[in-house]
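What's counted below: heavy atoms across the whole structure, side chains too, no hydrogens, waters or symmetry copies.
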Amino acid sequence: MKKIFCIISIFVVLSNIAKADEHRDINKYNIADESNYAIFIYDLKNSLVQKYGKGNEIDGEMKAALAVGNLDLLDIKYKMIHNMQQEHLTFLVGNFTSEKFERISQPFIDAVNEYASTVENIELSDAFIYMYMQTPEFYGKPWVNDYPKHILHNAESIAISRFDNKYWFDEIKTCYSKNAPKEDMIDIISECAQEYQQVVTEETGKVLQQLEPYKHMFETLPQTAPN
């Protein structure tokens, strides 16, 4: 019986890996470009929080998460990294200027403006699903005490950016819709997002290894910095 259970467990793990690989970015980027992209997206999302919140941070967080989640982020990532390369951006946005920021971020800004013009109602559960997808927790991870806070946040953001956000949202939303009447909304979302959390966690471990040569650079960042 144990042997059968092990075989089933292995099959489930392999199926999850295959599913993750099928719905992820097909592009291969330099890790430094991905790191810069993660920083840009963090700043861009924060600007949306302030814009949509108008003093109400929670409302701003939900609306920003909804807006970002509904974008074709894989396409935006490709275009923004291309713009970064055109601007010859160095690691951790070392030669950053406001003019470069605007030029690099234009694909994101255009997509947000297009999305905003089509929105009529906000589905609360959708906003919370996207919030969960965009900011899964680190606590309990095996490597959480091995790296500075900045590199952990940056690595997780990079890992998230490697997956098809629309696919995973649909997966979590379908599960949520089947269970919504039974339990608390946040508990259901957390339960339904376990597979997504697993693939992001595994990918974050891979990203941390890729960022290892730059670990000392993250260690020199001010402790208040997000990435």
Side-chain angles (χ1 to χ4, degrees), residues 21 23-53 60-61 63-119 130-131 133-136 150-169 200 203-204 206-218 220-222 224-227:
D21 285 340
H23 299 282
R24 60 181 298 152
D25 200 342
I26 62 173
N27 298 293
K28 302 297 181 184
Y29 303 105
N30 183 293
I31 189 63
D33 287 335
E34 286 191 288
S35 180
N36 281 338
Y37 170 79
I39 294 171
F40 269 70
I41 287 295
Y42 181 92
D43 288 340
L44 287 165
K45 184 180 176 184
N46 271 354
S47 69
L48 290 181
V49 172
Q50 297 173 13
K51 176 182 177 180
Y52 294 149
E61 287 279 359
K63 291 179 179 178
L66 195 66
V68 173
N70 273 282
L71 305 181
D72 186 346
L73 293 177
L74 295 184
D75 181 62
I76 289 172
K77 179 180 180 179
Y78 174 81
K79 292 176 179 176
M80 284 183 59
I81 287 181
H82 173 75
N83 289 351
M84 289 177 192
Q85 294 170 343
Q86 293 293 107
E87 297 288 344
H88 305 290
L89 201 69
T90 54
F91 189 49
L92 292 180
V93 292
N95 58 339
F96 166 83
T97 66
S98 58
E99 291 79 12
K100 285 187 178 184
F101 181 89
E102 185 175 348
R103 289 193 294 267
I104 291 169
S105 304
Q106 201 60 50
F108 178 91
I109 295 169
D110 290 342
V112 168
N113 290 338
E114 183 177 350
Y115 165 77
S117 65
T118 66
V119 176
Y130 280 127
M131 286 177 69
M133 288 177 62
Q134 293 166 22
T135 54
H150 309 303
I151 197 172
L152 288 175
H153 282 284
N154 192 251
E156 188 172 57
S157 296
I158 292 170
I160 290 171
S161 77
R162 291 179 176 180
F163 293 102
D164 185 342
N165 58 300
K166 292 186 177 181
Y167 166 79
W168 282 105
F169 170 81
V200 169
E203 192 69 23
T204 300
K206 297 175 185 177
V207 175
L208 285 169
Q209 293 179 351
Q210 293 176 283
L211 288 174
E212 186 73 33
Y214 307 102
K215 185 177 178 180
H216 67 285
M217 298 181 67
F218 284 91
T220 62
L221 293 175
T224 54
N227 289 304

* Structure fact -> By side-chain hydrogen bond (donor to acceptor under 3.5 Å, both in side chains), Tyr52 pairs with (sequence neighbours left out) none
* Structure fact -> One should read off an interatomic distance between Met84 CE and Ile104 CD1, to the nearest 0.5 angstrom, of 5.5 Å
* Asked: Taking only residues two or more places apart in sequence or in another chain, which ones pass ring pair (Phe, Tyr, Trp, His ring centres under 6.0 Å) with Tyr115?
  -> none
* To do: Could you list the residues that satisfy salt bridge (Lys or Arg N to Asp or Glu O under 4.0 Å) with Lys63, not counting sequence neighbours?
  => Asp59
* Asked: Would you say Phe101 has more than 12 foreign heavy atoms packed within less than 6.0 Å of its CZ?
  -> yes
* Only one of His216, Gln210, Lys215 clears side chain to side chain contact (heavy atoms under 4.5 Å, CB included) with Glu212; which? -> Lys215
* Asked: Can you name the residues that form a side-chain contact (heavy atoms from CB on, under 4.5 Å) with Asn30, not counting sequence neighbours?
  -> Ala32, Asp33
* Mind checking side-chain contact (heavy atoms from CB on, under 4.5 Å) for Tyr130 and listing every partner two or more places apart, or none if nothing turns up? => Ala65, Leu66, Asn70, Met133, Gln134, Phe169
* Go through the structure and list residues passing side-chain contact (heavy atoms from CB on, under 4.5 Å) with Thr90, not counting sequence neighbours. => Asn95
* Nearest-0.5 Å distance that lies between atom NE2 in His153 and atom CD1 in Ile151 -> 12.0 Å
* Structure fact -> For residues 70-90, the salt bridge (charged side-chain N to carboxylate O under 4.0 Å, His left out) pairs (sequence neighbours left out) are Glu34-Lys77, Asp75-Lys79, Glu87-Arg103
* Structure fact -> In terms of heavy-atom contacts, Asn154 and Ala38 come closest through ND2-CB, 3.7 Å
* By side-chain hydrogen bond (donor to acceptor under 3.5 Å, both in side chains) - contacts of Gln86 (at least two apart) -> none
* To do: Side-chain contact test, heavy atoms from C-beta onward, threshold under 4.5 Å: evaluate it for Leu44 versus Val68 and give yes or no.
  => no
* Asked: For Gln106, which residues count as a side-chain contact (heavy atoms from CB on, under 4.5 Å) partner, sequence neighbours excluded?
  -> Glu102, Ile109, Asp110
* To do: Can you measure from OH (Tyr37) to OH (Tyr29) and round to the nearest 0.5 angstrom?
  => 8.5 Å
* Asked: Is the shortest heavy-atom distance from the side chain of Asn83 to the side chain of Pro107 under 4.5 Å?
  -> yes
* Asked: Can any side-chain N or O of Thr97 pair as donor or acceptor with the backbone N or O of Lys100 at less than 3.5 Å?
  -> yes
* Which heavy atom in Phe163 sits nearest to a heavy atom in Leu74, and how many Å separate them? -> O-CD2, 3.7 Å
* To do: First locate atom CE of Met217, then atom NE2 of His150, and finally report the distance between them rounded to the nearest 0.5 Å.
  => 13.0 Å
* Going by the angle between their ring planes, with limits at 30° and 60°, are Phe91 and Phe218 parallel, tilted or perpendicular? -> perpendicular
* Check whether any side-chain heavy atom of Ile160 lies under 4.5 Å from a side-chain heavy atom of Thr204, and answer yes or no. => no
* Structure fact -> Output for pair (Gln209 CD, Ile31 CD1), nearest 0.5 Å, gives 11.0 Å
* Asked: Between Ser35 and Leu92, what is the shortest heavy-atom contact and its length?
  -> OG-CD2, 3.9 Å
* Structure fact -> Shortest non-hydrogen pair, Ala64 vs Leu48, comes out as CB-CB, 3.8 Å
* Asked: To the nearest 0.5 Å, what is the distance between CD1 (Ile41) and CD1 (Ile158)?
  -> 12.0 Å
